[in-house]
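Throughout, a chain's letter reflects where its sequence line sits, starting with A, and its residues are numbered from 1. Just so you know, these numbers use all the heavy atoms, side chains as well, and skip hydrogens, waters and symmetry mates. Nothing here was measured: the structure is a model prediction, and the numbers come from that model.
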Amino acid sequence: MTDLLGNLKRTHHCCQLRNTDIDTHVILMGWVQHRRDHGGVIFIDLRDKEGITQIVFNPENSKAVHEKARDIRSEYVLGVKGKVIARPDDMLNPNMETGAIEVLIDELYIFSKAKTPAFLIEDRVEASESIRLQYRYLDLRRPQLKKNILARHQATMAIRNYLDDKGFVDIETPVLTKSTPEGARDYLVPSRVNQGEFFALPQSPQLFKQLLMIAGFDKYYQIVKCFRDEDLRADRQPEFTQIDMELSFVNEEQIMEIAEGMIVAIFKRVRDLDLVTPFPRITYDDALSRFGLDRPDLRFGLELCEVSDIVKDAGFKVFANVVKNGGLVKAINAKGCATFTRKQIDELTEFAAVYKAKGLAWIKIKEAEWQSPIAKFFTDHEKEALKNRLDLEPGDIVFFVADQPKITNEALGQLRNELARRLELISDDTYNFTWVTHFPLLDYDETEKRYQALHHPFTAPLEEDIEKLTSDPLAVKSRAYDLVLNGIEIGGGSIRIHSPELQSKVLHCLGIDDTQANEKFGFLLDALASGAPPHGGIAFGLDRLMMLLCGEDSIRNVIAFPKTQKATCLLTEAPSKASPAQLQELAIKVSKLEE
RNA sequence: GGGGGUGUAGUUCAGUUGGUUAGAACGCUUGCCUGUCACGCAAGAGGUCGCGAGUUCGAGUCUCGUCACUCCCGCCA
């Protein structure tokens, strides 16, 4: 039988005791990390949320307690009462915070026995992801994961304290809500009371927070779950958490300043780092031109350089034709990397192909000549121009991508990041924040043959661009901004449209007529017509932010109970089939039944 | 929807050209051990080689299918 807790009350956590506590009588509770039974003396590393303390059972101290301790196994849950004693001078453990002391046990309570765990509960043990997810409660006992989850708590506390100080109000918005048009697939929830009708889980509280501004709450925030039924990635889960906020009577600068203050508070609290603000800004156009991506990693150089004008008449038809057809030829000079082998170049070509680049041209700059499959196609004049534009010196290798602008930028931008990884140009522990501003308002969807909001349909266009909405929609810049950390988008927002006239103008641009608009979000248009303050906001991905703060490469490691890549939960085995009775109540027929 | 990787003991992995009884480490069990801290020593248990077909005298190994986990492309306003 196991022991009951009774009136036993913990006096200390397992990381608290030090030299100064020697001779104190203490009560600790925790899990058995390790047992070292020497036949006589038994050592146990007792672990709780805070840390580990070594406890000792010595038959000379109490024969009965020692005898009982012999049955202890890994992950048993114990309560122990004993005296803090100094370890012998040559037995100190400098690797443990509590390594100067140990607790000599007088009373032992075994609250729970435990099955042998499926994997060792230690950071150094790499269990596979599926076994870790299946036994998530064991995985969460590991110090690293526990540290991440606790850091997440510190971050949300820092956020709440900071925003509360700034006068923000935490307001909950509905989880059972209306399907929003455009954007990701919704998770649907059938309504029993309204058979045949469905709620959608929110992809973001976007419309509700705008309504709260119209209602006059002025500054709103919420740390809130959002849902998107799309395929997963290392940094994408079907349910994820946003730090969502919205403010009235503010412009972009004021929102970015508040957001920067919040990020500073988080990093101070979690990492004890003092970030420098304001964060640098770069326009969307500059980001694409110099780094190829709208989320540039500015921890290293390797900037992209356009050479379309130089190669437009070159004998190398691939380049010339791309320029003729409105494409872009851009290059990266990898300084001193002419030593790349054929194999390395092939790998990089394959890498670029993932992003649709049809090829990766290269030139190695040697002392005497250019070594390259394409060098022979260039005139001396073109070579000289390339040399000057790209600052080519002996020992360099330069990579070219020639394609439509979108592909050239994406492929070369990704190649830039890959080169930096391979060349180890990125120092750990560097946090590089960059605001990307002046996004286009729209882009053109080739498959659906219509304009689409790049951000969302409620984003305000730049005032000076409003006229172009009819004449040249793609040239319209928006008042949207993203915050990028180390090349990863961690947040984004915009000033919203607060005029109903402008809102319907933008909706028209998107091919949504008044009837459809009323059907889909008439309530918003109505609200906008009822006295809407100028307003805007921003939302941060808490999971991604924590991933970067914790040095993890998957957000699953900062989420207590994450889903697999197929959006299932290995622990609870959700999702699962509904019973026929449930389905009947909901008036739902499942067409794809298992045979 | 597409491409790549992985799947062998409780866990992490090895397993050669298709060939005798499928191995290692850790963990686990038992015994010994009073100063370990990833304790030590000795012995032992533990396998539907993800699953299903096929080729073969013979399959962990080859082929096809399928499932799971994972990385990426598409997708994610």
Inter-nucleotide C1' distance (B:G15, B:A59), Å rounded: 14 Å

Between A:Asp139 (CG) and B:U12 (P), how many Å, whole number? 12 Å

Distance between the C1' atoms of B:G46 and B:U20, in whole angstroms? 22 Å

Watson-Crick or G-U wobble partner of B:C69, both distances under 3.5 Å: B:G5

Which part of the nucleic acid, if any, lies within reach of A:Thr459 when heavy atoms closer than 4.0 Å are counted: base, sugar-phosphate only, or nothing? nothing

Would you measure the distance from the P atom in B:G5 across to the matching atom in B:U56 and give it in whole Å? 28 Å

Salt bridge check: are A:Lys113 and A:Asp71 linked by an N-O gap of less than 4.0 Å? no

Before accepting this row, confirm whether a basic side-chain N of the pair A:Arg422/A:Glu418 lies closer than 4.0 Å to the acidic partner's carboxylate O. yes

Does a side-chain N or O from A:Arg35 land closer than 4.0 Å to OP1 or OP2 of B:C28, or not? no

Base, sugar-phosphate or nothing for A:Arg87? Non-hydrogen atoms, less than 4.0 Å. base

Check this for me: does any side-chain nitrogen of one of A:Asp139 and A:Arg142 sit under 4.0 Å from a carboxylate oxygen of the other? yes

Hey, are the side chains of A:Thr53 and A:Gln16 touching, using non-hydrogen atoms and a 4.5 Å cut-off? no

Residues A:Lys356, A:Glu410; criterion salt bridge (charged side-chain N to carboxylate O under 4.0 Å, His left out); working and verdict: CA-CA 9 Å; A:Lys356 308 278 186 296; A:Glu410 177 78 16; over 6 Å; no

Closest-nucleotide ordering on RNA chain B, the 5'-leading residue of A:His455 and A:Phe43: A:Phe43

Contact class for A:Ile131 (heavy atom, under 4.0 Å): base, sugar-phosphate, or nothing? sugar-phosphate

Using both distances under 3.5 Å as the test, list the Watson-Crick or G-U wobble partner of B:C37, or none. none

Are any of the side-chain nitrogens in A:Glu75 or A:Arg47 under 4.0 Å away from the carboxylate oxygens of its partner? yes

Generate the contact string for nucleotides 68-76 of chain B. Rules: B means base contact, S means sugar-phosphate contact only, - means no protein heavy atom under 4.0 Å. SSBBSBBBB

From CA spacing to verdict: salt bridge (charged side-chain N to carboxylate O under 4.0 Å, His left out), A:Arg236, A:Asp231: CA-CA 8 Å; A:Arg236 257 196 253 159; A:Asp231 286 355; over 6 Å; no

Measure from CD on A:Glu126 to C1' on B:A38 and round the result to the nearest Å. 15 Å

Is the shortest side-chain N/O distance from A:His34 to OP1 or OP2 of B:C39 below 4.0 Å? yes

Distance in angstrom units between A:Ile121 CD1 and B:G10 P, rounded: 18 Å

Please enumerate all protein N or O atoms sitting under 3.5 Å from an N or O of nucleotides 31-33 of chain B, with distances to 0.1 Å.
residue: B:C33; atom: N3; partner: A:Asp37; partner atom: O; Å: 3.2
residue: B:C33; atom: N3; partner: A:Gly39; partner atom: N; Å: 3.3
residue: B:C33; atom: N4; partner: A:Asp37; partner atom: O; Å: 3.4
residue: B:C33; atom: N4; partner: A:Gly39; partner atom: N; Å: 3.3

Return the pairing partner of B:G44 with a 3.5 Å limit on both distances, Watson-Crick or G-U wobble; otherwise return none. B:C28

Only pairs at least two apart or in different chains count here, so list each ring-ring contact (aromatic ring centres under 6.0 Å, His included) that has a residue in residues 40-60 of chain A. A:His38-A:Phe43

Measure from CE on A:Met96 to C1' on B:A38 and round the result to the nearest Å. 13 Å

Distance check: side-chain N/O of A:Arg36 vs OP1/OP2 of B:C39, anything under 4.0 Å? yes

B:U61 and B:G19: how far apart are their P atoms, nearest whole angstrom? 11 Å

Considering only atom P, compute the distance from B:G35 to B:C41 and round it to an integer number of Å. 15 Å

P atoms of B:A24 and B:G44, separation to the nearest Å: 12 Å

Ranking A:Gln206 and A:Ala127 by the position along RNA chain B of their nearest nucleotide, the one closer to 5' is A:Ala127

With a 3.5 Å cut-off and heavy atoms only, can you find an N or O donor on one side and an acceptor on the other between the side chain of A:Glu102 and the base of B:G35? yes

Touch check for A:Glu122, heavy atoms < 4.0 angstrom, all strands: base, sugar-phosphate only, or nothing? nothing

Nearest of B:A77, B:U29, B:G10 to any side-chain atom of A:Ala118? B:G10

A:Phe57 CZ to B:C37 C1': how many Å, rounded? 15 Å

If we take the C1' atom in both B:G60 and B:C13, what is their distance in whole Å? 14 Å

Smallest heavy-atom separation, A:Ala357 atom then A:Val401 atom, equals CB-CG1, 4.1 Å

Might you confirm whether atom NZ of A:Lys81 has over 12 heavy atoms from other residues, nucleotides or ligands at distances under 6.0 Å? no

Base, sugar-phosphate alone, or nothing: which one does A:Asp90 contact when heavy atoms must sit under 4.0 Å apart? nothing

Any N or O donor-acceptor pair linking the side chain of A:Asp45 to the base of B:C37 at under 3.5 Å? no

Roughly, in whole Å, what's the span from CG in A:Asp294 to P in B:A77? 13 Å

Between A:Glu252 and A:Thr437, do the side chains contain an N or O donor and an N or O acceptor separated by less than 3.5 Å? no

For B:A53, give the paired nucleotide (Watson-Crick: N1-N3 plus N6-O4 or O6-N4; G-U: N1-O2 and O6-N3; both under 3.5 Å), or none. B:U63

Between B:U17 and B:G10, how many Å separate the two P atoms, rounded to a whole number? 28 Å

Scanning all shown strands, the Watson-Crick or wobble mate of B:A77 with both distances under 3.5 Å is none

Counting only heavy atoms from other residues, nucleotides and ligands, does the tally under 6.0 Å from NE2 of A:His438 exceed 12? no

Between C1' on B:C37 and CD1 on A:Ile101, what's the gap in Å once rounded to a whole number? 13 Å

Just how far, in rounded Å, is P of B:A38 from CD of A:Gln54? 10 Å

